[in-house]
Amino acid sequence: MADIERRFTKVPVELRARAERQRIGGYAAVFNRQSHNLGGFVEIVNPAAFNASRGDGWPDVIARYNHDDNMLLGSTGGGTLSLAIDGTGLDYEVEPPKARGDILELVQRGDVRKSSFAFQTIEDDWGVTDQGFPMRTLVKVRLVDVAPVNTPAYPDSTAGLRSLARHVGADVEEVRSMAERDELRKFFQRSDRPSAPKKKVYGAAARMALLARREDPYT
């Protein structure tokens with residue numbers, strides 16, 4: 001089973017009135033928007049990333065405040081959580097139980113201002129930004145939960161680094177060490193042969209080129 005990863009968005013969470021009941025809603029994920037640095041790489045969510053989960057009817061997806069198991073707000077199974085995909089991203093709307101009126105108040109006061117989602121990666125892809133920085137694209141994921149959050153935790157990059165290691169054919173610990181030194185872009189450097197057209201080098205070829213450059217890490 002793939003690791004559960006978490007990401008958050010800065011799009012404000014909000015209160016929504018429907019049938020005289022207040023609900024919490026917002027975008028848990030925004031498509032094609034680069035994340036901040038996740039530990040040597042950035043990440044974007046492909047617009048089709050959630051299609052598999054949507055096609056299955058969003059099975060077993062829940063909403064929890066701060067991803068806390070003890071702070072359940074609603075679920076797709078119980079009909080208290082609805083999810084939708086539009087041109088912006090993954091939108092959610094949850095009807096909390098009366099016992100969670102404090103969370104509604106926190107959202108209304110602006111103390112809870114962000115949203116987050118947890119997922120398992122089924123398929124991803126690697127490339128670089130226009131500036132040559134490593135970039136991971138989430139192509140297909142299984143949605144686990146959505147959450148209004150007041151203090152987003154720094155996302156764990158472990159699963160992403162393992163994915164990159166598989167992509168370039170490198171040892172995971174080597175990739176982790178390079179991430180700590182902010183050197184992951186070396187896996188994606190172009191050929192420096194002056195007479196040859198510059199091409200992006202990936203996978204095993206990139207690893208071999210990297211090994212050849214180790215005596216001079218700045219080449």
Counting only heavy atoms not in R100, do more than 12 fall under 6.0 Å of its CZ?
-> yes
Any donor and acceptor pair, going by atom type alone, linking the side chain of D56 with main-chain N or O of P59 inside 3.5 Å?
-> no
Let me see the working for I85 and N51 under side-chain contact (heavy atoms from CB on, under 4.5 Å), right down to the final yes or no.
-> CA-CA 9 Å; I85 294 173; N51 283 357; 4.0 Å; yes
Does D91 reach the main-chain N or O of A84 with its side chain, forming a donor-acceptor pair under 3.5 Å?
-> no
Side-chain heavy-atom pair F31, N46 within 4.5 angstrom cut-off = no
Side-chain contact, heavy-atom cut-off 4.5 Å: Y65 with L72?
-> no
Do L38 and V128 share a hydrophobic cluster, counting only Ile, Leu, Val, Met, Phe, Trp and Tyr and linking them when any side-chain heavy atoms are less than 4.5 Å apart?
-> yes
Indicate the atoms forming the closest heavy-atom contact of L73 with P97, along with that distance.
-> O-CD, 3.4 Å
Measure from the side-chain N and O atoms of T129 to the backbone N and O of Q131, and report whether any donor-acceptor pair falls under 3.5 Å.
-> yes
For residues R64 and D69, determine if any side-chain heavy atom of one lies less than 4.5 Å from a side-chain heavy atom of the other.
-> yes
Can you tell me if T121 uses its side chain to pair, donor with acceptor, with the backbone of E123 under 3.5 Å?
-> no
Would you say T76's side chain and V61's backbone share a donor-acceptor pair under 3.5 angstrom?
-> yes
Could R185 and E183 be called an ion pair, given the rule that one side-chain N must be under 4.0 Å from one carboxylate O?
-> no
Transitively linked via ILVMFWY side-chain contacts under 4.5 Å: V149 with V11?
-> no
Pair D171-V175, side-chain contact (heavy atoms from CB on, under 4.5 Å): steps then yes or no | CA-CA 6 Å; D171 180 76; V175 171; over 6 Å; no
Between T9 and S115, is there a donor-acceptor pair closer than 3.5 Å when you use the side chain of the first and the backbone of the second?
-> no
Honestly curious: do V94 and F8 fall in one hydrophobic cluster under the side-chain, below-4.5 Å linking rule?
-> no
Taking C-beta and beyond as the side chain, do P96 and I103 meet within less than 4.5 Å on heavy atoms?
-> no
Hey, quick one: are L15 and V146 part of the same hydrophobic cluster, counting side-chain heavy atoms closer than 4.5 Å, chains of contacts allowed?
-> yes
Kindly indicate whether the side chain of E174, heavy atoms from C-beta on, has any atom under 4.5 Å from the side chain of S177.
-> no
Within a radius of less than 6.0 Å around CG of N32, do more than 12 heavy atoms belonging to other residues, nucleotides or ligands occur?
-> yes
Rounded to the nearest 0.5 Å, what's the gap from CD on E93 to CD on E14? Could you check?
-> 8.5 Å
Any donor-acceptor pair under 3.5 Å from D86 side chain to G89 backbone = yes
Mark yes or no for whether T80, through its side chain, and S75, through its backbone, hold a donor-acceptor pair below 3.5 Å.
-> yes
Quick one: are I44 and L138 in side-chain contact, heavy atoms under 4.5 Å?
-> no
Rounding to 0.5 Å, atoms CD (Q34) and CG (D130) come to a distance of 8.0 Å
State whether the side chain of S116 and the backbone N or O of A147 hold a donor-acceptor pair below 3.5 Å, judged by distance alone.
-> no
Interatomic spacing from NE2 in H67 to CD1 in I4 - rounded to 0.5 Å = 10.5 Å
Should the pair F117 and F50 be assigned to parallel (<30°), tilted (30 to 60°) or perpendicular (>60°) ring geometry?
-> perpendicular
Return yes when atom CZ of R113 has more than 12 non-hydrogen atoms of other residues, nucleotides or ligands closer than 6.0 Å, and no otherwise.
-> no
Spacing of D156 atom CG and R7 atom CZ [to the nearest 0.5 Å] = 8.5 Å
Is there a side-chain contact (heavy atoms from CB on, under 4.5 Å) between L90 and L143 once you walk through the steps?
-> CA-CA 10 Å; L90 172 67; L143 184 64; 3.8 Å; yes
Would you give the length of the straight line joining atom CG of L161 to atom CD of E180, rounded to the nearest 0.5 angstrom?
-> 9.0 Å
Would you indicate whether the side-chain heavy atoms of L106 and N150 approach each other to under 4.5 Å?
-> no
Might you point out which heavy atoms bring P148 and V13 nearest each other, and give the distance in Å?
-> CB-CG2, 4.2 Å
Taking atom CG of D124 and atom CE of M135, what is their separation to the nearest 0.5 Å?
-> 12.0 Å
Is it the case that one hydrophobic cluster holds both L83 and V45, taking links as side-chain heavy atoms less than 4.5 Å apart, direct or via other members?
-> yes
If you take all heavy atoms of A52 and K140, which pair is closest and at what distance?
-> CB-CE, 3.6 Å
Could you check F133, F187, F188, W126 and say which one makes a ring pair (Phe, Tyr, Trp, His ring centres under 6.0 Å) with F41?
-> W126
Report yes if the side chains of V141 and Q120 come closer than 4.5 Å at any heavy-atom pair, otherwise no.
-> no
